[in-house]
> 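Below you'll find the structure I mean.
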Amino acid sequence: FLFIRENDPMAPVDQFFNGLKNGKWEKVYDSVYWGDSDSAGWMSKDEFIGEIRDEAGDFLSMSGVLDSLKVRKVSEGESYEGDDGLARKRLTIEMSISFMGMNESQEMDMVVVKEGKKFLIIPVWKIDNESMEELF
């Protein structure tokens with residue numbers, strides 16, 4: 001089961017939102033491909049956790065909203081190579097929230113990066129850090 005999850009380009013998106021819902025900032029950070037420290041948008045884990053605690057504070061005060069957040073993949077694009085030589089895919093995801101009788105949903109594009117392989121054969125996908133701007 002773990003192998004199948006890792007191989008799914010949607011896995012880091014699920015990990016990201018589950019981490020967000022549960023306040024597990026390390027999981028949120030680990031679901032993102034940050035590149036190296038020279039990359040645009042790169043953040044250390046400590047910087048990220050400090051920033052998301054500030055940003056997400058307001059968001060999390062509406063924890064009932066977060067509990068009802070559902071994320072699903074609408075479409076998955078063809079794999080393409082980024083400037084850094086790593087494979088990427090564009091996912092269109094739909095986030096929906098039903099809270100106190102309101103139903104809201106929004107589609108957004110996220111790019112995932114095939115960062116490497118686990119056990120030599122299972123691709124490990126992460127969210128491209130440039131997609132983070134879409135979220136926050």
> For D36, which residues count as a side-chain contact (heavy atoms from CB on, under 4.5 Å) partner, sequence neighbours excluded?
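Only D38, S39 meet the side-chain contact (heavy atoms from CB on, under 4.5 Å) criterion with D36.
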> Please report the shortest heavy-atom distance between W25 and F48, naming the atom on each side.
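Heavy-atom minimum between the residues: O-CE2, 3.9 Å.
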> Rounded to the nearest 0.5 Å, how far does CE of M100 lie from OG of S68?
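The OG atom of S68 sits 11.5 Å away from the CE atom of M100.
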> What closest approach, in Å, do M43 and W34 show between heavy atoms, and which atom pair accounts for it?
N-CE3, 3.7 Å
> Under the side-chain hydrogen bond (donor to acceptor under 3.5 Å, both in side chains) rule, collect the residues that match up with E76, sequence neighbours excluded.
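With neighbours one apart ignored, the set is K73, K89.
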> If you look at every heavy atom in I127 and V13, which pair is closest and at what distance?
CD1-CA, 3.9 Å
> Are Y33 and L86 side-chain neighbours, meaning at least one heavy-atom pair lies under 4.5 Å?
yes
> Starting from V74, can I reach V71 by hopping between I/L/V/M/F/W/Y residues whose side chains sit under 4.5 Å apart?
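The answer is no; the residues belong to distinct hydrophobic clusters.
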> Please write out which residues are connected to V111 in a hydrophobic cluster, directly or through intermediates, given that two of Ile, Leu, Val, Met, Phe, Trp, Tyr count as joined at side-chain heavy-atom separations below 4.5 angstrom.
Y80
> Who are the side-chain hydrogen bond (donor to acceptor under 3.5 Å, both in side chains) partners of E47, not counting sequence neighbours?
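Scan of E47 (side-chain hydrogen bond (donor to acceptor under 3.5 Å, both in side chains), adjacent residues dropped) gives S44.
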> In this structure, would W42 and M110 fall into the same cluster of hydrophobic residues linked by side-chain contacts under 4.5 Å?
yes
> If I compare all heavy atoms of L91 with all of P9, which pair ends up nearest, and what's the gap?
CD1-O, 3.5 Å
> Tell me, please, which residues at least two apart from K27 pass side-chain contact (heavy atoms from CB on, under 4.5 Å).
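If we apply the side-chain contact (heavy atoms from CB on, under 4.5 Å) test to K27, skipping adjacent residues, the hits are Q15, K24.
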> If we only count heavy atoms from C-beta on, is the I93 to E107 side-chain gap below 4.5 Å?
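No. Closest side-chain heavy atoms not under 4.5 Å.
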> Quick check: closest heavy atoms across M10 and R72, and the distance to 0.1 Å?
CE-C, 3.9 Å
> Check salt bridge (charged side-chain N to carboxylate O under 4.0 Å, His left out) between K70 and all other residues, then give those that pass, not counting sequence neighbours.
none
> How close do S98 and N103 get, counting heavy atoms only, and between which atoms?
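Heavy-atom minimum between the residues: CB-OD1, 2.7 Å.
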> Do the side chains of F17 and V113 join up, straight or via other hydrophobic residues, at under 4.5 Å, putting them in one cluster?
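Different clusters: F17 never reaches V113 through Ile, Leu, Val, Met, Phe, Trp or Tyr contacts under 4.5 Å.
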> R88: which residues meet the side-chain hydrogen bond (donor to acceptor under 3.5 Å, both in side chains) condition with it, sequence neighbours left out?
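Only D84, D128 meet the side-chain hydrogen bond (donor to acceptor under 3.5 Å, both in side chains) criterion with R88.
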> The criterion is side-chain contact (heavy atoms from CB on, under 4.5 Å); which residues satisfy it with K114, sequence neighbours excluded?
A87, P123, W125
> Hey, are the side chains of V32 and P12 touching, using non-hydrogen atoms and a 4.5 Å cut-off?
no
> Taking side-chain contact (heavy atoms from CB on, under 4.5 Å) as the definition, give me every residue that meets it alongside E104, ordered by chain and number, with sequence neighbours left out.
none
> Sequence neighbours left out, what passes side-chain hydrogen bond (donor to acceptor under 3.5 Å, both in side chains) with D30? Give chain and number order.
K45
> Using a 4.5 Å cut-off on heavy atoms from C-beta on, say whether the side chain of L69 contacts that of K21.
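Sidechains of L69 and K21: in contact.
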